[in-house]
Structure formats: C-alpha cells, structure tokens
Amino acid sequence: MIRDFLRRVAALIRKEFRTIWNDPKSRAIIIAMPLMQLLVFSNAVTMEVRNIDTVVLDRSQSVESRELLSRFENSSRFRKFYYVDNEKEFQEKLDTQKTQLGINIPNDFARGIKSKTGANVQIISDGRQTNSAAIGSGYASQIINLYNAELTGNKNSGLNITVRNWFNPNLEYKWYILTIIVAMLSLVTTLILTSLSIARERELGTFDQLIVSPLSSFEILLGKSIPPLVIAMTLTMVMVGIVIVFFHVPFVGSLVLFFISILISLLAIVGVGLYISSICNTQQQAILSVMTFMMPAVLLSGFISPIEDMPLCLQYLTYLNPVRFFMVLSRGIILKGIGISDVIANIIPLLVIALITLTLASRTFKRKLG
Amino acid sequence: MNTVEIKNLTKKFGSSTAIDNLSLNIERGKITGLIGADGAGKTTLLRTIIGLLVVDSGEINVLGFDPVTQKDELNLHIGYMPQKFGLYEDLTVIENLRLYADLKGVNIAPHPNPLPKGAREQSDIDKMLEFTTLAPFQDRLAGALSGGMKQKLGLACTLLGNPEFLLLDEPSVGVDPISRRDLMKMVREMINPETTVLWSTAYLDEAHSFDTAVVIDRGKIIFNGSPHDLASTPQEFENKVIDLMGGYSKEESLIAKNYDYKAPDVELTVEADNLEKRYGNFYAVKNNTFKIKKGEIFGLLGPNGAGKSTSFKMMCGLARPTSGTARIMGIDIKKQPEKARANLGYMAQKFSLYGSLTVRENLDFFALAYGISILKKEEKVNEVIDVFGLKEYENSKAEDLPLGLKQRLSMAAALIHNPPVLFLDEPTSGVDVLTRRDFWNHITSLAKKGVTIMVTTHFMDEAEYCDRISLFYKGETIAVGTPAELKQQAGAKDMETAFINLIKESEK
Amino acid sequence: MKILLALIKKEIKQILRDPSSIVIAFILPIISITIYMFGINLDSVKITLGIKNDDNSPEVATLVKSFGHSKYINSINYDNMEDIKTAVLSSKIKGAVVIPNDFSAKLSRGQRADLLVITDGSEVNTANYVQSYANMISNQWLAASKYKKNLSKPLINVENRTWYNPDLNSHHFIVPGSIAITMTLIGILLTSLVIAREWERGTMEALLSTKVRAIHIVLGKYIPYFILGMLSTAFNMFLCVCVFQVPFRGSYFMFFLISGIFLFTSLGIGLMISTALKNQFMASMVSISLGFMPALMLSGLMFPINSMPTFFQYLTMIIPPRYYISFIESEFMAGGVNEIRLANAFYLTLLGLLLFAGVYKKTQTRLSND
C-alpha cells in the first residue's frame with residue numbers, strides 16, 4: 001500500500017520537475033530572473049536619502065551665510081548646488097525636479113546673527129516625494145542646528161540623546177531591504193510556479209488523464225506541492241547565502257529554525273497558489289488572480305507601513321496574509337535571532353493558512369468536474 | 001494547366017528529413033487526395049506549398065507565385081484549413097464566420113431589410129450557415145460545438161471568399177459518417193470547376209472518390225494517379241494502398257501476449273445503470289443502461305454530439321452524472337471513484353498527454369502512476385515503445401509528434417498498466433490505415449484474453465470488429481446488437497448504410 | 001483597414017468574455033487604491049514604544065505623559081531591560097526610551113541630561129521614526145518644562161516649508177502612483193500572454209493563411225488593449241479624484257495624453273515578451289520579473305532614484321514607469337510643469353517606438369522550424 005502510494009507520488013513529482021526543468025529556456029528563467037532581480041534591487045534600492053541636489057538663493061551674500069552653506073557643501077548627503085539670484089529661477093529649479101531641496105537665506109541674515117537678535121533660514125522641500133522631503137529637510141535642520149550650537153556655544157544644558165539601534169547598529173538599510181527582497185522574490189516565484197500548474201493542465205486537457213489515473217486527490221496535491229516547494233526552497237536558500245556572503249548581512253538566528261520557518265512559509269504560499277490554480281480554467285486567469293492576491297498581500301505585509309498603524313479591520317485581515325508572517329520570520333531570524341516561542345507564534349497562523357488552502361485546493365479538484 | 005508545380009523539394013527539421021527531393025504537379029480544377037502514413041510529411045508538404053514553412057532546397061510554384069517570396073499575394077487566392085483549425089473557442093459561430101469573412105475580404109453586408117419576397121440575395125455567410133446546417137447554433141460559442149460541427153465551421157471559414165486553391169489538412173478526423181458526407185458535399189458544391197483542391201485524409205473511401213490520389217511515404221511520392229486506376233472499389237483501394245505502404249501482415253499481438261491479465265471474479269465488468277446527464281433542460285445523455293461482459297468489445301457508435309464522450313467521462317468519473325451510476329468490476333464509480341478507476345485504462349478523444357515531455361518520459365510517468373514497480377517499469381516502457389513503433393521518436397517531445405503518432409502514444413499510455421477494462425474514445429482518429437489495422441489486431445487479441453473493451457469510432461468498417469454495438473443518438477440508445485443484427489435491422493449491406501438508416505429512422 | 005477592424009473586434013469580444021481581464025482593469029484598482037488610502041501611511045506613522053523611567057521626580061513624570069499623549073506613539077511602561085528586550089524581539093514594541101535616575105538632577109544643575117533611545121534596527125524605517133519622535137517629543141517637553149531657563153535660544157531659526165504638498169500627505173503621491181502600477185499590469189502582464197496564447201491554441205496558423213499581415217497582427221493586439229488600458233486609467237482617475245478626493249492640479253488633457261503614451265510603451269514590453277516566448281509560463285515569469293517588479297522597485301515610486309548608485313540611476317532610464325511616475329506626481333501635485341511633461345513624454349515615446357518596431361520585426365508570418 002504505502003509503497004504504491006510513494007511510487008505514484010514520486011512519479012508525479014518527477015513529471016512535474018521534468019515539465020518545469022526540461023526546457024533549458026524555462027530553467028534559465030526560473031534561476032536567472034530571481035537572482036538578477038536580487039542583484040539589481042539590493043544594490044539600487046534604498047530609503048536613505050542621498051545625493052540631494054539643492055538650489056540656493058543667498059540674498060545675504062555674507063561671511064555668515066557662506067559659512068552656513070559650506071556646512072551643507074561638506075555634508076556627504078548633498079550633491080549639487082545651484083546658486084540662483086532670483087525667486088523665479090529658484091522656483092523653476094524645484095518645479096522641474098532639478099533639485100529636491102531649496103535654501104532661502106534672507107538679506108538680513110548676517111545682521112540677525114551679528115546683533116544676536118536671531119535670523120531666519122527657509123528650507124523648502126519637494127512634497128511630491130513626501131518621504132524624501134521629510135528626510136531631506138530633517139538633514140538640513142540638523143546641519144543648521146549644529147551650526148547654531150557652535151554660534152551660541154551652548155553645550156552645557158539640554159538633552160544628550162544616545163541612540164542605540166539594536167540588531168543593526170548603523171541602521172544599514174541594505175540589511176533590512178535584503179531580507180524583504182528575498183522574501184518577495186520567493187513569493188513571486190512560488191506563486192507563479194504553483195498557480196499555473198493545475199490551470200495549465202486544465203487548459204491543455206491533461207488534467208482529465210491525471211484524474212482518471214489511480215492518483216488520489218491527496219496524492220495529486222502532494223505531487224503538485226513538492227516540486228515548487230523544493231525549487232522555491234533551494235532558490236531562497238541560495239539567495240540567503242548570497243545575502244550573507246556577498247552583502248555581509250549578519251545571520252544571528254538559528255539556521256534550523258530558519259529552515260523550518262521558510263519551509264512552512266513557502267508551504268502556505270504553495271497552498272494559496274494551488275488553490276488559485278484549482279479554481280482557474282486558463283493560465284491567464286491564474287496569473288491574473290495571482291496578481292490580485294499578491295498586490296494586497298505585499299502592501300498589507302507590514303513592509304511598506306507598519307501593521308499596527310493600519311485601521312483595525314485591515315489589521316485583522318493581515319492574519320490571513322501569509323506574506324506578513326513570512327516577512328516577520330525571515331527578518332526576525334536573520335537579523336534579530338528571535339527565539340523558538342516567537343517563531344512558533346508566527347508559524348501557527350502559517351500552518352493554519354496552509355491547511356485551509358491545501359484542503360480547499362484538493363476539494364476543488366473534484367468539484368470542478370462538470 | 002497546373003496549380004502547383006514542385007521540383008526537387010527538400011525540407012529538413014534538424015537531422016530528420018521531412019520531405020525528400022520531392023517533385024509533384026497538381027492539376028487545376030481537380031480534387032487531389034493526399035495519403036500517407038503518420039509522419040510521412042503530409043502536413044509539412046501542405047505548409048510548404050502555402051509558404052508557412054520555408055523549404056531548404058527545390059522550387060515551388062503555386063498559382064504562378066513563389067510561396068517563399070510572395071506569400072502575402074498567394075494568401076489572397078487560397079483557403080487553408082489546418083489540422084487543428086484556428087477557431088476562436090470563446091467566440092460564437094457567427095462571430096467566427098464574420099471574422100474570417102473580414103480577414104478574407106468577403107462581402108458580408110447584411111441583406112437589406114426587409115428582404116423582397118423570394119429574393120436570393122444572400123450574403124456568403126448566410127449561405128455558409130445554411131449549408132453547414134449551423135444556422136440554429138449561430139450564437140453558440142465555438143468551444144461548445146461537437147467535433148463534427150467544429151470541423152464544419154472550420155471548413156466553412158476556409159471556403160469563404162471562393163478561394164482558387166483549397167488545402168484541407170485532414171478535415172474529417174473525428175467526424176461521424178453523416179457529417180463526413182456533409183463535408184464532402186460542402187466542398188463539392190461550393191467550388192467551381194476551376195477550383196483546385198488538395199485534401200489530406202486518412203479515410204481511403206474518401207480518397208477513392210477523388211480525381212487524383214498522391215501517396216507519400218517518408219517524404220517521397222510512392223503513387224500519383226487516379227485512384228480508380230489502382231482499384232475499382234474503396235475496399236480494394238485500401239488494400240492496394242496498404243500494399244504500397246509496405247503491406248500489412250497480421251502477427252501475433254505482442255501487447256496481448258505480454259499482457260498481465262488477472263481474471264476478475266465478476267462476469268459483468270462494466271455496467272451503466274440509468275446514466276443521465278442534464279444541462280438545464282437539455283439532456284446530453286438520457287437513461288443510458290447497458291452491461292458489458294468480460295472479454296467483450298462493446299462499440300458506442302453515433303454522430304458527433306450524441307453524448308458518447310459524455311457517457312465515457314461519466315463512466316470513468318470525470319463528469320458527475322445527474323442521476324444513475326456506473327460500475328466497473330462491480331465497484332460504483334460514484335462511491336469509490338479511485339478504486340474503480342484502478343481497473344481502468346482510458347484514452348481520451350482529445351490528446352491529453354504532456355506535450356512538453358518526451359515520449360519516453362510520458363510513458364515513464366503513466367507506468368509509475370499506475371503502479372508498475374520501478375524494476376519492471378523499464379521493461380514495460382521498452383515493450384510498448386517497440387510494439388507501437390515509437391522507437392524512432394522516443395526522445396521527441398509529444399507535442400511535436402504528428403497526429404497519428406500522438407494517438408499511438410495515447411493508446412500506449414492507456415494500456416501500459418495492463419488494466420482489465422479499457423475505455424478507448426476514438427482511438428483510431430487521425431491514425432493511418434496500417435496502424436489502424438494494427439490497433440485493432442491488439443484490441444481483438446486483448447479481448448480474446450479476457451480484457452473488456454469499450455470503444456467509439458467513426459470508421460464504420462471498424463465497427464465490424466465489435467462484439468456488440470450500441471447506437472447512440474441525441475443522448476439516447478436507439479439500437480443495440482451485434483453488427484450483423486444491426487445491419488439486418490436496418491436492412492443494409494454495410495455498417496455505414498446501417499448507421500445512416502437507423503438514425504434516419506429514429507428521426508421520424 | 002477592414003482586416004484590422006475585424007481583428008480588433010475579435011480581440012475585444014475575447015476580452016469581454018474573460019472576466020479575469022476585467023478584474024485586473026477595474027476590480028484590482030478598487031482594491032489597491034483602497035489599501036493605499038487606508039492601509040498605507042508613510043507620514044506620521046503611529047508606533048508602539050516602550051518607556052522605562054528610573055527617575056521618580058514629578059517633573060519627569062510629565063515627560064512620560066507627553067510620550068503617552070503623543071498621537072504618533074502608543075506607549076507601554078516597563079520596569080526592567082529584560083522585558084524590553086523580549087518585547088522588541090517579538091516586535092511588540094519598535095523601540096524604547098530609557099530615562100536614567102539622575103535625569104532631573106542633571107537638568108536642575110544645568111547640565112546635559114542623558115536619554116537613551118533604543119530602536120529595533122531590523123526595521124530601519126520604523127527605527128528612524130522612533131529616533132525622530134523621541135527626539136522631537138523630549139525636546140518639546142524640555143522647551144516647555146521648568147528647565148527651559150537653562151537653555152539658550154538658538155540664533156538661526158529654521159523655517160521648514162514643503163511645496164506642492166504642504167501637509168506632507170503621502171497619499172497624495174502614493175495613490176496616483178498606484179495608477180502607474182495598474183497600467184503597467186495591464187500593459188505588460190495581460191498582453192504578455194495574448195500572442196503566446198494564439199500560438200499555443202493553434203489559431204495563429206489559420207490567421208497566417210489569410211490576408212492578415214504582420215502589421216495587422218501587431219496593431220490588432222495594441223489597439224484593443226490600449227482601449228482597455230485607457231478605460232481603466234479613466235476609472236482609476238475617477239476613483240482617485242472623485243471618490244478619494246486626491247487633489248489634482250494638472251490638466252486632464254495632458255494627463256490622458258501622456259498616460260496614453262505610457263500605455264503604448266508598456267504594451268510594447270508585454271507584446272515583445274509574448275512574441276519572443278511562445279509559452280505562457282515563461283511569458284508570465286518574465287513579465288513579472290522584467291515588467292512589474294522594476295515598476296515597483298526602480299521607478300522612484302517607493303525608493304528615491306537619486307539615492308541609487310550612479311550605474312543603477314542610468315539603468316532606470318530604460319524603465320518606462322520611471323518617466324510616468326515623475327510625470328504623474330508632478331501633474332497631480334504641482335500642476336503642469338511643461339519641462340517635466342515634455343522630457344518624460346519624449347523618453348516614453350522614444351521607448352515606445354523602439355518597442356513597437358521590435359514587436360513588428362519579431363512578429364512571424366511563418367511557422368518556425370523548431
């Protein structure tokens with residue numbers, strides 16, 4: 001009995017591998033696409049604001065104003081400076097996005113400093129990119145405040161705020177975004193692999209032949225889950241390896257826990273993919289359904305904005321979202337080294353999702369028969 | 001005057017030669033039949049004639065055009081119906097016709113409304129609808145048509161615009177005898193004396209009725225002349241063609257010899273018990289009851305759309321019956337579908353193996369999926385590859401095989417695990433005449449060994465091999481009996497006439 | 001012309017009969033705009049913070065209170081560092097503020113008082129929020145407390161202004177950005193399957209023996225999907241402006257004109273993939289990897305292009321959404337800036353024409369040999 005079962009499942013698994021893996025073009029696409037994206041995105045993407053181009057309208061033209069501006073010029077965050085002499089040009093540089101920041105120094109600036117009555121500086125940021133605007137003007141204020149402190153010689157009173165960034169002392173953005181990119185790429189590959197697998201057989205008419213064979217729904221489910229799971233698992237591990245070796249992201253957690261967590265996360269995603277596949281008749285429907293699932297799932301995973309900041313109903317909705325737990329686990333184990341109890345707390349919802357979707361998928365196989 | 005002149009044509013795919021130094025003239029105004037074994041190069045020849053494929057060497061001239069350089073000009077004068085005709089299954093019948101009419105620049109202006117009484121100012125589309133008897137179905141999606149109706153619609157689309165040169169690639173595959181006559185009639189009546197037709201077919205009775213027959217084998221012409229010169233009757237013609245193709249000698253069926261048949265303890269191995277399938281008010285299958293004995297060959301005959309495939313699907317658990325049930329080896333297919341199917345080999349009408357896998361990989365998969373042990377698998381797969389003549393193709397992708405070879409592969413996959421019951425839905429459609437004889441040799445030998453076989457076919461000569469036949473029409477059984485009984489009942493000499501008579505009778 | 005019309009009519013009917021394309025064009029925008037509106041928030045994010053106060057002077061209690069009352073912060077009090085560590089590990093809090101026992105004493109003496117801010121560095125985004133919120137709240141508290149007399153007033157007063165989006169509402173740029181994502185999906189994903197499908201289903205062979213020429217096939221695909229895409233754009237615009245009241249300061253004519261050019265370019269990518277890969281699995285894998293993901297990651301919608309390394313900044317030049325995002329943000333928030341319109345329209349047209357030429361050249365009117 002059990003030998004027949006294993007033999008049948010093994011046959012199906014081998015067939016699935018062959019359909020994906022035999023064609024050199026499709027093999028190349030499965031390997032190359034995620035790796036290429038990993039390399040490009042990890043090098044390119046950052047939330048940090050660098051290379052700020054600035055337009056300066058210095059009406060003071062004084063030693064003091066030049067001293068202030070030299071602080072900006074010496075900062076590594078700022079790149080190009082355009083000195084203009086009228087409002088119109090100032091506005092044009094911002095309008096056309098040639099610069100992201102504007103510094104406007106009024107003509108009474110030097111007088112205000114010399115007479116100790118105070119002076120004004122206007123910092124203008126481009127609200128079309130709200131995030132960069134906030135960060136950019138933050139940097140500018142910081143530079144000016146330092147200059148302020150120097151001018152007043154006020155070093156004795158006030159607060160001495162020490163910041164300690166746990167798990168990532170220098171707040172390397174790369175460490176953070178890499179764990180997310182890896183999770184996203186595994187998600188995309190797994191979903192495409194699984195969602196097309198049954199829909200393709202339906203579209204081409206081969207699914208009937210599979211149903212007629214002695215393979216039970218459960219066996220078909222196993223045979224359809226394992227190959228994408230193995231491919232996605234291998235791919236994820238390779239990507240994590242690259243992230244650790246080439247991008248020097250520290251791996252502080254337990255490798256065993258990590259392996260188990262990723263496996264279960266991918267299993268839940270395989271479940272979602274197979275369920276989508278089982279309700280679709282054509283590959284087009286499958287791939288478009290995947291997008292309809294993936295867009296909200298990624299947006300509501302907490303990676304773009306924190307879950308606790310969402311309205312309550314959306315917060316509850318995220319409990320159905322495997323991507324949320326996947327991201328928490330991969331980031332948590334790699335960077336924070338979270339322990340077994342935290343891992344379990346995040347694995348349980350994933351297991352529930354996997355169980356529900358896989359059961360639904362295997363039931364739908366049969367219900368879809370005319 | 002020739003429509004096509006071909007000199008020393010050669011076409012290779014990789015290392016295999018599809019067309020080998022072939023020269024051929026096709027006379028204007030004649031119907032030429034193209035006959036040949038599976039993989040002989042028929043489809044490749046048709047495709048090169050209209051420029052869909054570019055030749056490696058040799059000269060082709062079609063209607064004064066060179067298909068290699070003047071494909072666009074040539075397209076205006078031809079009608080080509082590929083084997084898998086490109087109907088848009090998500091468009092309706094009339095939408096498909098209108099689309100192809102537009103693509104061919106045919107006038108489809110609807111006749112002025114109201115039409116003067118008795119006016120015959122019909123548009124081409126109306127004419128086609130009337131001709132194909134598809135008018136009542138014009139708003140049905142093409143995908144929902146039966147096989148025969150699809151072929152009629154495909155042919156109608158091809159005939160639009162009165163092309164000077166008509167190329168038809170096996171238009172009658174999977175079409176019932178009545179629809180086959182309709183197709184032939186359509187072509188003969190829609191063309192004018194100047195029209196040239198090149199018709200590739202596996203039906204030798206069809207080919208016998210043409211002006212010229214061209215037999216090709218391995219990319220070479222082995223006969224070119226009037227079919228009547230070769231033989232005076234269709235039956236004789238078939239034998240002559242078989243001789244030309246190397247002759248058929250009936251040998252002991254190796255499949256049957258090595259078949260590991262375990263005699264079941266039930267006598268009635270297949271039973272259909274009031275099977276019924278209803279879609280809304282429409283009965284696809286109505287009150288279907290029959291019992292098949294161990295070792296019997298039971299034929300289901302009937303026109304396209306009569307409900308044969310639906311019955312098949314219900315009996316192997318692919319479609320859920322609205323009411324009634326079926327039993328295989330006494331096991332209820334509704335209650336224990338997996339257990340019942342374990343005794344079953346099923347060959348679907350539509351090719352349903354994995355196109356992207358090779359022949360051998362497909363067989364490997366089905367062998368293991370059906371529970372053949374890993375040690376025995378190799379041996380078993382080698383055996384079926386040998387017997388079904390797939391050795392040469394074992395490493396080709398299944399989707400690249402010609403139709404006939406795909407059918408052989410499907411048949412091989414269906415019986416690789418030696419099931420005691422075989423369901424074969426049109427196993428011989430699109431298969432060459434030699435292989436068909438070989439198929440039936442295996443089928444009858446298996447039945448002798450005790451295997452129960454339920455089969456459908458549109459070749460009426462094949463119906464003679466069946467022990468019993470159930471004639472199916474509009475979802476209902478209209479006659480059951482041995483071939484002799486049916487012929488007697490219909491007062492006909494051959495099965496084809498019996499088939500047509502019995503159906504006409506039930507119409508009344 | 002008649003032939004083209006017939007092909008277009010055919011394609012439109014097919015689109016209308018498959019619900020999945022309608023879902024992508026009209027349902028997905030509703031889902032994603034709703035999520036962007038209510039689930040995503042990139043400014044004034046609310047986070048949970050731990051507070052450990054070792055100084056029991058009543059004055060410091062008001063500092064703890066002001067953390068509690070801040071609308072940005074959800075504060076939890078802790079007694080020991082161990083608990084804080086556990087809470088950070090399990091992501092219950094995103095950081096903590098630790099007030100040492102000599103805090104008020106130092107301030108009374110006119111010295112600098114230490115304040116420790118801990119962040120969860122594994123989430124760089126929120127870590128930055130923790131830093132700046134802690135900074136802001138404690139300094140505000142100090143300025144209003146009884147210790148303010150020890151502080152000297154800064155000489156330079158920084159006046160921060162944000163143009164185009166004065167209250168820095170991130171929805172004003174992320175919601176229009178989602179239009180670009182939807183249009184990319186329609187342009188690339190939907191069309192990447194359509195030519196592949198005609199080959200897979202065998203309809204191409206019949207088409208190729210009629211009067212149809214390559215130009216008909218190409219335009220016969222471009223035009224219907226262009227219509228679908230523009231309808232979806234209009235619908236998106238309706239959702240943005242009428243339903244969700246995102247301010248639009250530009251010109252509708254320019255918006256639709258340049259959206260049209262962008263769509264033309266996206267369709268080019270999708271059709272290019274479809275003609276090159278006659279297999280739906282590979283086509284969808286490539287279109288998501290080369291079309292959709294870069295639109296999300298490299299277009300400047302989420303991550304500033306200016307901060308990327310130079311090489312990757314050049315790389316973004318071949319990504320059409322980059323130009324469109326730049327245009328759409330400007331059009332929505334700044335109103336028409338002709339220079340931005342012109343530059344982006346120019347590059348989009350150039351890319352679109354190149355792709356069109358490529359698709360036309362690659363469209364075969366014969367069967368290939370393999």
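So that the names make sense, note that chain A is the first sequence line, chain B the second, and so on, each numbered from 1.
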* Check whether W175(A) gets within reach of chain C through its side chain, its backbone, both or neither, counting any heavy atom under 4.5 Å. => neither
* Asked: Taking side chain as C-beta onward, heavy atoms only, is E48(A) less than 4.5 Å from V124(C)?
  -> no
* **Atom group of L89(C) that falls short of 4.5 Å from chain A, counting heavy atoms** => both
* Structure fact -> When the 4.5 angstrom heavy-atom criterion is applied to N279(C) and chain A, the contacting part is neither
* To do: Go through the atoms of R200(A) and report whether side chain, backbone, both or neither lie under 4.5 Å from a heavy atom of chain C.
  => side chain
* Structure fact -> Cut-off 4.5 Å, heavy atoms of chain A, and the answer for Y129(C) is side chain
* Counting distance only, does the side-chain N/O of K336(A) pair as donor-acceptor with the main-chain N or O of D120(C) below 3.5 Å? -> no
* **A133(A) portion near chain C, given a 4.5 angstrom heavy-atom threshold** => side chain
* Asked: Where does Q100(A) contact chain C at under 4.5 Å (heavy atoms): side chain, backbone, both or neither?
  -> side chain
* To do: For residues W163(C) and D126(A), determine if any side-chain heavy atom of one lies less than 4.5 Å from a side-chain heavy atom of the other.
  => no
* **Contact winner vs chain C - R331(A), Q315(A), M295(A), heavy-atom pairs under 4.5 Å** => R331(A)
* Asked: Given side chains that start at C-beta, do those of L315(C) and V40(A) come closer than 4.5 Å, heavy atoms only?
  -> yes
* Asked: Which atoms of N74(C) come close to chain A, meaning under 4.5 Å heavy atom to heavy atom: side chain ones, backbone ones, both, or neither?
  -> neither
* Under 4.5 Å from a heavy atom of chain C, the part of K114(A) involved -> neither
* **Which of D309(A), N168(A), V163(A) touches chain C most, by non-hydrogen pairs under 4.5 Å** => D309(A)
* Name the region of L193(C), side chain, backbone, both or neither, that has any atom closer than 4.5 Å to a heavy atom of chain A. => side chain
* Asked: Parallel, tilted or perpendicular: which describes the rings of F303(A) and F303(C), with under 30° parallel and over 60° perpendicular?
  -> parallel
* Asked: Would you find a donor on one side and an acceptor on the other, under 3.5 Å apart, between the side chain of S330(C) and the backbone of T96(A)?
  -> no
* To do: Give a yes or no on whether the backbone of F167(A) and the side-chain of S122(C) come within a donor-acceptor separation of less than 3.5 Å.
  => no
* Side-chain heavy-atom pair T189(A), M285(C) within 4.5 angstrom cut-off -> yes
* Structure fact -> Nearest heavy-atom contact between I40(C) and L299(A) is CD1-O, 3.4 Å
* Asked: Under a 4.5 Å heavy-atom cut-off, does chain A meet the side chain of S192(C), its backbone, both or neither?
  -> neither
* Structure fact -> Assert top hit (heavy-atom pairs under 4.5 Å, partner chain C, pool L193(A), D95(A), I287(A)) equals D95(A)
* Structure fact -> Bottom line for V45(C): the part with an atom under 4.5 Å from chain A's heavy atoms is both
* **Heavy-atom contact with chain C under 4.5 Å, split by part of L185(A)** => side chain
* E329(C)-Q97(A) side chain donor-acceptor pair, cut-off 3.5 Å -> no
* Side-chain donor-acceptor contact under 3.5 Å, Q37(A) with S289(C) -> yes
* Asked: Do N51(A) side-chain atoms and N306(C) backbone N/O form a donor-acceptor pair below 3.5 Å?
  -> yes
* Do V45(A) and F312(C) have side-chain heavy atoms sitting under 4.5 Å apart? -> no
* To do: Check whether R109(C) gets within reach of chain A through its side chain, its backbone, both or neither, counting any heavy atom under 4.5 Å.
  => neither
* Under a 4.5 Å heavy-atom cut-off, does chain A meet the side chain of T34(C), its backbone, both or neither? -> neither
* Structure fact -> Sorted by chain and residue number, the side-chain contact (heavy atoms from CB on, under 4.5 Å) partners of Q122(A) (sequence neighbours excluded) come out as N104(A), I124(A), E159(C), R161(C)
* **Contacting region of R77(A) [heavy-atom separation from chain C under 4.5 Å]** => neither
* **Which of I177(A), N165(A), L317(A), D23(A) touches chain C most, by non-hydrogen pairs under 4.5 Å** => N165(A)
* Asked: Any sub-3.5 Å donor-acceptor pair from N165(C)'s side-chain atoms to G127(A)'s backbone N or O?
  -> yes
* Any side-chain donor paired with an acceptor under 3.5 Å for T48(C) and E308(A)? -> yes
* Asked: Side-chain contact, heavy-atom cut-off 4.5 Å: I30(A) with F281(C)?
  -> yes
* **Per-residue contact mode, F103(C) against chain A (heavy atom under 4.5 angstrom)** => side chain
* Asked: Can you tell which of L28(C), I118(C), I35(C) has the highest number of heavy-atom pairs within less than 4.5 Å of chain A?
  -> I118(C)
* Asked: Is it true that atom NZ of K92(C) has more than 12 heavy atoms of other residues, nucleotides or ligands lying nearer than 6.0 Å?
  -> no
* Under 4.5 Å from any heavy atom of chain A - which part of V158(C) -> both
* Asked: For D18(C), is it the side chain, the backbone, both or neither that has a heavy atom under 4.5 Å from a heavy atom of chain A?
  -> side chain
* With a 4.5 angstrom heavy-atom cut-off, could you sort out which part of L185(C) is near chain A: side chain, backbone, both or neither? => side chain
* To do: Under 4.5 Å heavy-atom distance to chain A, tell me which part of V130(C) shows up: side chain, backbone, both or neither.
  => neither
* To do: Would you name the heavy atoms of G39(C) and S305(A) that are closest together and state the gap between them?
  => O-OG, 3.2 Å
* Does the side chain of L277(C) reach to within under 4.5 Å of the side chain of I29(A), using non-hydrogen atoms? -> yes
* Asked: Can you tell if the side chain of L155(C) reaches within under 4.5 Å of the side chain of Y147(A), non-hydrogen atoms only?
  -> no
* With a 4.5 angstrom heavy-atom cut-off, could you sort out which part of S26(A) is near chain C: side chain, backbone, both or neither? => both
* Does atom CZ of R164(A) have more than 12 heavy-atom neighbours, drawn from other residues, nucleotides or ligands, at distances under 6.0 Å? -> no
